Q: 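Dumping the structure here so I can ask a few things about it.
Because only heavy atoms are used, hydrogens play no part in the values below, and waters and symmetry mates are left out as well, while side chains stay in. On a predicted model such as this, the values are computed, not experimentally measured, just so you know. Letters A, B, ... mirror the listed sequences (proteins, then strands); counts begin at 1.
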Amino acid sequence: MGIEIKIFGQLADIIGSDELQLQDIDDTSSLREKLISDFPKLANYPFVVAVGKKIVNGNQKLNADDVVALLPPFAGG
Amino acid sequence: MWWHCCRHLREDNMLSKEEILRYNRQLLLPEIGMAGQGKLKSARVLVIGAGGLGCPVLQYLCAVGVGKLGIVDFDIVEETNLQRQILFNVSDVGKPKAKTVKKKLQEQNPFVAIEVFNVKLSVENTLEIFSNYDIVIDGTDNFATRYLVNDACFLLKKILVSGSIFKFEGQVSVFDFTKATSPTYRCLFPSPPSAEHALSCEEIGVLGVLPGIIGTLMANETIKIIAGIGTTLSGKVLMLNALSTNFQTVEFERNPDAVKAIPQTESAFKRMDYEFFCGNKTEDKPIKEISVMELSSLISSKSGIQILDVREMWEQPEIAEWQSLKIPLGEIENRAVEISRVKKTIVVCKVGMRSQRAVGILQSKFAFENLFNLKGGVMEWMRITEKTGSI
């Protein structure tokens, strides 16, 4: 089991999937670093991280069974 | 006699005989009834954008009997709109959207007053237009307007219903600025993507039915707010993926640091440049600098400064006495909220170039005023330290 990551909008296009599993990620800041290092294009797209259906401000510790969502803003109308 | 009586009552937002018949199916609902229908009639709702989202929002709010609707749109109907903006016909192509929508809505429900603003929203006209409405609905197609609308609603304490779409996905949220503790759009999304990465429906496409679903959800939120029934998406964002038919709701809280980026007065609002904030144009703002010697004396006088290191996490050397907050330049926009706006903040990198860029971004996009770039960066610090033995 690892951290389950659900990916929305253009982030899913960059990552190439709308779901990811990652192991050994301590907190949401390390998650961002890992994702941006694996998918450098992500650095151009601001997104927020939700853990267990709640958006995180700042950094938050992650547990092995957490479900995380990556949400970018959409502009279309 | 009865008619006179009714006309009098109508002025107090009571319903005419014709309206009672028209709204029969809503009046039957105990949650709406005469009281709720009266609230709908006295409501004033402004819809920004008469496009994919604005059309269904306006159609339903008009049909259900919202008393006054405002439409802000300066665009004209194009052939490529017809696939999703189903209020428009072939014969409407080339006509102004807002005026065309008004004509159609008026035919659908003559009991609704409709005001048209055939203008582009700007810091000059927004506050005045918003002031005559209670609820603002954001269905625009660009980030600059989304941040502008959020900030104006925050300042004027209006309720904002926000929806947006991307390909097969949509988002809906409510920001109730009548409550002093309400989260804002900036708490949800502190920063927009840069202009070259902010893609619109025009560039990437959108499924025709998607704005219909999201716009109808926005109308539903608005009706509940007006009638005071059910629960709304205040403090929550609903996300729809139409490919998997998956709805998810995520909660978020007010983020005091993100709120600080909102202009706090009307005159500050009028000085904002939302196009610049969204990277649609560039402009250099002066960047304050500090020398290694000045930084050193600030540290030794324990003056409660914050040091922001924008180097990559692996970069050496580590300067122990700095006790810095580490946010690599690439993550600065996403993590701007972690940076203090109160403490004097020295931004550092290896030689002072990346830190200068970081200060530029934080000043222009997030209105930071407490930042100083360390001239020469870590290299200069090391050079002076080695020369003087200690610092």
Q: Could you check whether atom CD1 of B:Ile86 has more than 12 heavy atoms from other residues, nucleotides or ligands sitting under 6.0 Å from it?
A: no
Q: Taking side chain as everything from C-beta outward and backbone as N, CA, C, O, which of these in B:Leu188 sits under 4.5 Å from a heavy atom of chain A? Side chain, backbone, both or neither.
A: both
Q: Mind listing the closest non-hydrogen atom pair of A:Asn57 and B:Arg254 along with its distance?
A: ND2-O, 4.3 Å
Q: For B:Glu338, which atoms come within 4.5 Å of any heavy atom of chain A: side chain, backbone, both, or neither?
A: side chain
Q: Less than 4.5 Å to any heavy atom of chain B: does that hold for the side chain of A:Lys6, its backbone, both, or neither?
A: side chain
Q: Could you walk me through whether A:Lys53 and B:Glu251 pass the side-chain contact (heavy atoms from CB on, under 4.5 Å) check?
A: CA-CA 6 Å; A:Lys53 304 218 160 189; B:Glu251 290 177 19; over 6 Å; no
Q: Within this structure, what is the NZ-OG distance for the pair B:Lys326 and A:Ser29, rounded to the nearest 0.5 Å?
A: 13.0 Å
Q: Any heavy-atom pair between the side chains of A:Pro73 and B:Pro193 that's under 4.5 Å?
A: yes
Q: Would you mind checking which part of B:Thr249 comes under 4.5 Å of any heavy atom in chain A, side chain (CB onward), backbone (N, CA, C, O), both or neither?
A: backbone
Q: Most heavy-atom pairs under 4.5 angstrom with chain B, which of A:Leu42, A:Asp13, A:Val49?
A: A:Asp13
Q: With a 4.5 angstrom heavy-atom cut-off, which part of B:Tyr185 approaches chain A: side chain, backbone, both or neither?
A: side chain
Q: Surrounding OH of B:Tyr60 (heavy atoms of other residues, nucleotides or ligands, distance under 6.0 Å), is the total greater than 12?
A: no
Q: How many angstroms lie between CG in A:Asn59 and CZ in B:Arg335, if you round to the nearest 0.5 Å?
A: 6.5 Å
Q: Given 3.5 Å as the limit, does a donor-acceptor pair link the side chain of B:Arg146 with the main chain of A:Ala75, or not?
A: yes
Q: Within a radius of less than 6.0 Å around NZ of A:Lys54, do more than 12 heavy atoms belonging to other residues, nucleotides or ligands occur?
A: no
Q: Does the B:Glu169 side chain pair with the main chain of A:Gly9, one donor and one acceptor, at a distance under 3.5 Å?
A: yes
Q: Pick one of side chain, backbone, both or neither for B:Ser191, based on which atoms fall under 4.5 Å of a heavy atom in chain A.
A: both
Q: Quick check for you: to the nearest 0.5 Å, what is the distance between B:Asn255 atom CG and A:Ile55 atom CD1?
A: 10.5 Å
Q: In Å, rounded to the nearest 0.5 Å, how long is the span from CG of A:Leu71 to CZ of B:Phe252?
A: 10.5 Å
Q: Please identify, among B:Gly170, B:Pro211, B:Pro190, B:Gly163, the residue contributing the most non-hydrogen atom pairs under 4.5 Å to chain A.
A: B:Gly170
Q: Would you find a donor on one side and an acceptor on the other, under 3.5 Å apart, between the side chain of B:Asn334 and the backbone of A:Phe47?
A: yes
Q: So, for A:Gly76 and B:Leu53, which heavy atoms are closest and what is the spacing to 0.1 Å?
A: O-CD1, 4.0 Å
Q: Please report the shortest heavy-atom distance between B:Ile165 and A:Gly77, naming the atom on each side.
A: CG1-N, 3.8 Å
Q: By a 4.5 Å heavy-atom criterion (distance strictly below it), what part of B:Glu312 contacts chain A: side chain, backbone, both, or neither?
A: neither
Q: Please report the closest heavy-atom contact between A:Phe74 and B:Gln171, naming both atoms and the distance.
A: N-OE1, 3.5 Å
